[in-house]
Protein chains: 2
Amino acid sequence: MRDTDKDIIRGLRLFADVEADKFDSLMMAAYAQRFPAHVDLIREGETADFLYIVLEGSVELFSTSHGRETSMAIVAPVSTFILAATIKDAPYLMAARTLEPSKLLLIPSSNVRTVFGDDPAFARAIVTELASCYRSVVKSMKNLKLRTAIERVGNYIIRLHDKSGKADIVELPFGKRNLASILGMTPENLSRAFGALQSHGIMMDGARIEILDRAALEAISKPNPLIDDPRS
Amino acid sequence: MRDTDKDIIRGLRLFADVEADKFDSLMMAAYAQRFPAHVDLIREGETADFLYIVLEGSVELFSTSHGRETSMAIVAPVSTFILAATIKDAPYLMAARTLEPSKLLLIPSSNVRTVFGDDPAFARAIVTELASCYRSVVKSMKNLKLRTAIERVGNYIIRLHDKSGKADIVELPFGKRNLASILGMTPENLSRAFGALQSHGIMMDGARIEILDRAALEAISKPNPLIDDPRS
DNA sequence: CGGAGTGTTGAAAAATTTCAAGGGTCGTGG
DNA sequence: CCACGACCCTTGAAATTTTTCAACACTCCG
């Protein structure tokens, strides 16, 4: 692995306080690799041989059952995925594929578990990361169960707006088909939701969204920090 | 705390390998308490002062947003709840109330975090428990997003059947109103789903369900181990 | 004996999905 | 370089699912 990669990884909260020799032993076993877009990385049901970290690009986590498919999450840099399966040495509950050309770090699960046992700082970082993942899924589930389709779309736009530093125009970070699946609806329904929201403070133009009236958007979306706030 | 309680707790996987003095320091700070049915234990947004463990009875985790409410999970003995908030010292994302008279163990969050740092065996147990919780929510979410209402109800019955050791008659462990919310539908819709399933291998009688034709029930429910299997 | 809470059923309303068609973009191969 | 096909997004209309509203039976408890 290249030293520049190593520096980036060292900077992650997950590894920040890991002892030097433990970190080196993890990195020795790990390797960074580039993948083209739309490549299958893992399949549901396989056992978790590696912990993955997205360094560049983005990865879709999705699940399938009897002919239906749904996106569970999109992982952007810099984040881990399938940490829980790695910890439990259990089969993946979600499949993963690249959405765009991506650079990933793969660390053998057994090494992760070993260092977890040897290095309390790493253990603490792992458990914090896992707790964050858990809370993130809980928020997704609240989003799905407590909101209508239009509210979900509206709040998604509000979050984009916040992330952009309240820019006048925000851009969808991936295709509407994927977004629809993440938000638990069909692409057609997402299209109509965007249409409906144009009377409530936004103006769509392809993947670009102009925020004209944030207050109106909030009025119909009813944001809730305990669902939307990425901190907490 | 009574010694019999202590023995029960010592038997939990979470505490099985904890060093004796660490365990005692946790138990010294903890207390077991009985609560009547339908008592609010915690509210969303409060900070996580305690880790809870259900010793007897059952607890509903639920969430609210702008006048709507949904059940997120029902916690049966012996399990923890709100572990992630405890670890992160963050606000609860879910509220909790007893469903029936219950006995709970409350351990101050700060003690949990301290022992987590001091005792590698406890750290490992915590992270395993948390990973299980995470995987459990992911499965719930797959259940919601990949299945129709009838399939969710059918698979719920199949799980009950399995848990009972394939008894001819199984009993719903809590009210249909709660079950409907857990399964992401209205009580009316659950009623109709039960009705529809009577042509597919079951016979309802109040809270009792007779399993007449497991194969027919599976045919319409399409079970999937990566959603339904509580192990894995 | 009320009265509250729970579960069921029917009918109407609303939300969502499905099906079908068409416009647009992009990349590849002729 | 252009044409074609593949894919994505949008829109309309119909079908389906789900929710809502209303009424009613039943049980449990005070």
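Note that the structure is a prediction, hence the values are computed from the model and not measured. Residue numbers begin at 1 in each chain, while the letters A, B, ... track the order of the sequences.
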Send over the distance from [X] [atom1] to [N] [atom2], rounded to a whole Å.
X: Phe194(A); N: dC8(D); atom1: CZ; atom2: P; result: 16 Å
X: Asn178(B); N: dG5(C); atom1: CG; atom2: P; result: 14 Å
X: Arg68(B); N: dA15(C); atom1: CZ; atom2: C1'; result: 12 Å
X: Glu188(B); N: dT6(C); atom1: CD; atom2: P; result: 13 Å
X: Met185(B); N: dT8(C); atom1: CE; atom2: P; result: 13 Å
X: Arg177(B); N: dA4(C); atom1: CZ; atom2: C1'; result: 12 Å
X: Asn189(B); N: dA13(C); atom1: CG; atom2: C1'; result: 15 Å
X: His38(A); N: dC26(C); atom1: NE2; atom2: P; result: 14 Å

### Query
Touch check for Gly175(A), heavy atoms < 4.0 angstrom, all strands: base, sugar-phosphate only, or nothing?
sugar-phosphate
### Query
Cationic tip of Arg97(B) within the cone over Phe62(B)'s six-membered ring, i.e. under 6.0 Å and within 45° of the normal?
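Yes, a cation-pi geometry holds between Arg97(B) and Phe62(B).
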### Message
Is it true that, when you exclude Arg68(B) itself, more than 12 heavy atoms of the residues, nucleotides or ligands shown sit nearer than 6.0 Å to its CZ?
### Response
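Enclosed: over 12 neighbouring heavy atoms sit under 6.0 Å from CZ of Arg68(B).
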### Query
Crowded around Asp7(A) CG? As in, over 12 foreign heavy atoms under 6.0 Å?
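Enclosed.
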### Message
The test is side-chain contact (heavy atoms from CB on, under 4.5 Å); show your working for Phe50(A) and Leu105(A) and say whether it passes.
### Response
CA-CA 9 Å; Phe50(A) 296 95; Leu105(A) 181 74; over 6 Å; no
### Query
Where is the tightest heavy-atom contact between Phe194(B) and Ile209(B), given as atom of each residue plus distance?
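So the two residues come closest at CE2-CD1, 4.3 Å.
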Taking the minimum atom-to-atom distance to the side chain of [X], which one of [options] wins?
X: Lys176(A); options: dG7(C), dT18(D), dC9(D); value: dC9(D)
X: Ser191(A); options: dA11(C), dT10(D), dA13(D); value: dT10(D)
X: Arg192(B); options: dG10(C), dT16(C), dC9(D); value: dG10(C)

### Task
Decide yes or no, distance alone: a donor-acceptor N/O pair under 3.5 angstrom between the base of dT17(D) and the side-chain of Arg147(B).
no
### Query
At under 4.0 Å, does any side-chain N or O of Thr186(B) touch on OP1 or OP2 of dT18(D)?
no
